[in-house]
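The next block holds one structure in the form of structure tokens; read it before the comments.
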Amino acid sequence: MIQFTNVTKRYASGQEALSNVSFDIATGDMAFLTGHSGAGKSTLLKLIACIERPTSGQVVVNGRNLAHIKRAQVPALRRQIGMIFQDHKLIAERTVFDNVALPLIIAGLHNAVETARRVRAALDKVGLLGKEKQLPVMLSSGEQQRVGIARAVVNKPALLLADEPTGNLDPDLAAEVMGLFEQFNQVGVTVLIVSHNLGLISRFQHRILNLEKGCLLSHAPLIHEAPPCA
Amino acid sequence: MRLKNYLLNHAYALVYSLGQISRTPLSSMMTVMVIGITLALPTVLYVALQNTQQLTAGLDNVAQMSLFLKKDTREENAADLAGQLRSNPDIATLEVITPEQALEEFRHSSGFADALRALEENPLPFVLVIKPVTSHPDTVARLQATLQKLPEADFVQLDMQWVQRLYAALGIVQRGVMILAGLLGLGVLLIVGNTIRLGIHSNRDEITITKLMGATDAFVRRPFLYAGTWYGVLGGLLAWLLVSVALALLAEPVQHLSTLYGSRFALGGLDVSGTLLLLLIATLLGLLGSWLAVGRYLRAVEPV
């Protein structure tokens, strides 16, 4: 599902966020990405979602080589990816229902009955059924995070990317949210979660990719062997 | 199915843009009012111009020229010439005044009857009094030139030169109105563009989020284009309302004035085609203004 081959990302400022990173996440896998802040975790996610382009190397997502993707083709790629953000990125002026329905509308689903059914199913899954009419500010941080998750899965994407989804949650809620991701993974969704909550992620039996200063340290079990960090 | 989806996409953007406008009622209303007032000004001038043209249309039969024939022209020649000229398509009516008739008239109207009796011979020439088919300056000038070239012609006197001057002045006013309308149209373009730019700015987060969810450029662009179009439409309607009220207020004093002049002239309002043109121009300016703003600013809003 995700293949990085010798990917380097250098920003215009000269700062090298990723150095020669190679790894492979198979379809249906679940993996954690960890590392100190500034290690390049966010950059790695941005490369997958085509928010940033690699300076060198090759990124392939769901069979698509992002090196050759045109600007106009980016939206179609992003629709296959469900993204979850640490700051939720909910639209403050819109209700929970409208927020969750957004990916469906963007994808061109205009059937109100079908939209309502899928939004309610997604909200049911994260345990927020009954809060459709509320505005995000009326919800707790944990609830807002779960609205974000419902929005990410409402379109049944093949890949879920989560950037620190448990960053602002207390341990119980964090475990609950991780459990949710595991459920999605069990029905075939590929999941990549950025988290530095090592205590939490080590409780799951999934691969852990460890980034440090732009280099991949441990990545067992991994297909490609990355050269040692310079 | 594709077409239906396309239309539904547009319906969504249309409704969404209305929601967007109504979410900031005060600033939206200000924008609409500025557009309305800006468009009302050239529209009022346009209506005033149309009314002036209607007034001057009544002057069509007042232009008149007198062709004075050379002193030695004989009566048969004068009659021949009159016959030829009557077939000229620019001439509506032609009247021959003989020197005797002229002298008689002069005697009656001038009060110099005794002095004139002392003259040994009639000093007056044959005069052809000609009314052109219209008072349009082009026709009058053409006719004047033709008459001037006639071998029998001594000189041509245009009795209604002020009509020509009026037409010339109207031409200047007309062009001035066009220039003003152009400038104000440009103003509307900038107003809409700026409002849309602010809208893009205040919706930055939302735009970024929809782009992250895989929204195409067209999807993001559409509500803003519709919003600009709405501003144009609403501004155009307001301009129409303002012009109608202004004309209604002016109608009575104008009526009073024309009665004092013994005229039955009544102030004409904005006709149907004028109204449609106003709304069409307003809509297009709104669309174009938002198009420019969207093209300039929306691409720059990208998730980072």
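First the proteins, then the strands, lettered A, B, ... as listed; each starts at 1.
Chain B forms the most heavy-atom pairs under 4.5 Å with one residue out of A/E52, A/R151, A/R94, and that residue is A/R94.
Inter-residue side-chain proximity for A/D24 and A/I2 is flagged as unmet; no heavy-atom pair is nearer than 4.5 Å. You'll find the side chain of B/L39 reaches within 4.5 Å of the side chain of B/L285, heavy atoms only.
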- Report the C-alpha separation of A/H88 and A/V147 in whole Å, then their side-chain angles, then the decisive distance to 0.1 Å, and conclude whether the side-chain contact (heavy atoms from CB on, under 4.5 Å) test is met. CA-CA 8 Å; A/H88 324 312; A/V147 173; over 6 Å; no
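Salt bridge status for A/K9 with A/E16: absent, with no side-chain N to carboxylate O gap under 4.0 Å.
Checking B/Y226 against B/S290 by side-chain atom types alone, no donor-acceptor pair falls below 3.5 Å. In this model, a donor atom of one side chain and an acceptor atom of the other lie less than 3.5 Å apart for A/Q80 and A/N62. There is no side-chain donor-acceptor pair under 3.5 Å between A/N6 and A/Q58.
At a 4.5 Å heavy-atom cutoff, the contact between A/I91 and chain B is made by backbone and side-chain atoms alike. Contact of A/I105 with chain B is made through backbone and side chain together, with heavy-atom distances under 4.5 Å. The parts of A/K89 that come within reach of chain B are both its backbone and its side chain, each placing non-hydrogen atoms under 4.5 angstrom from that chain.
Heavy-atom neighbours of chain A within the stretch residues 182-217 of chain B, taken at a separation under 4.5 angstrom, comprise B/E206, B/I209, B/T210, B/K211, B/L212, B/M213, B/G214, B/A215, B/T216, B/D217.
Between B/Y6 and B/H10, the ring-plane angle classifies as tilted under the 30° and 60° cut-offs.
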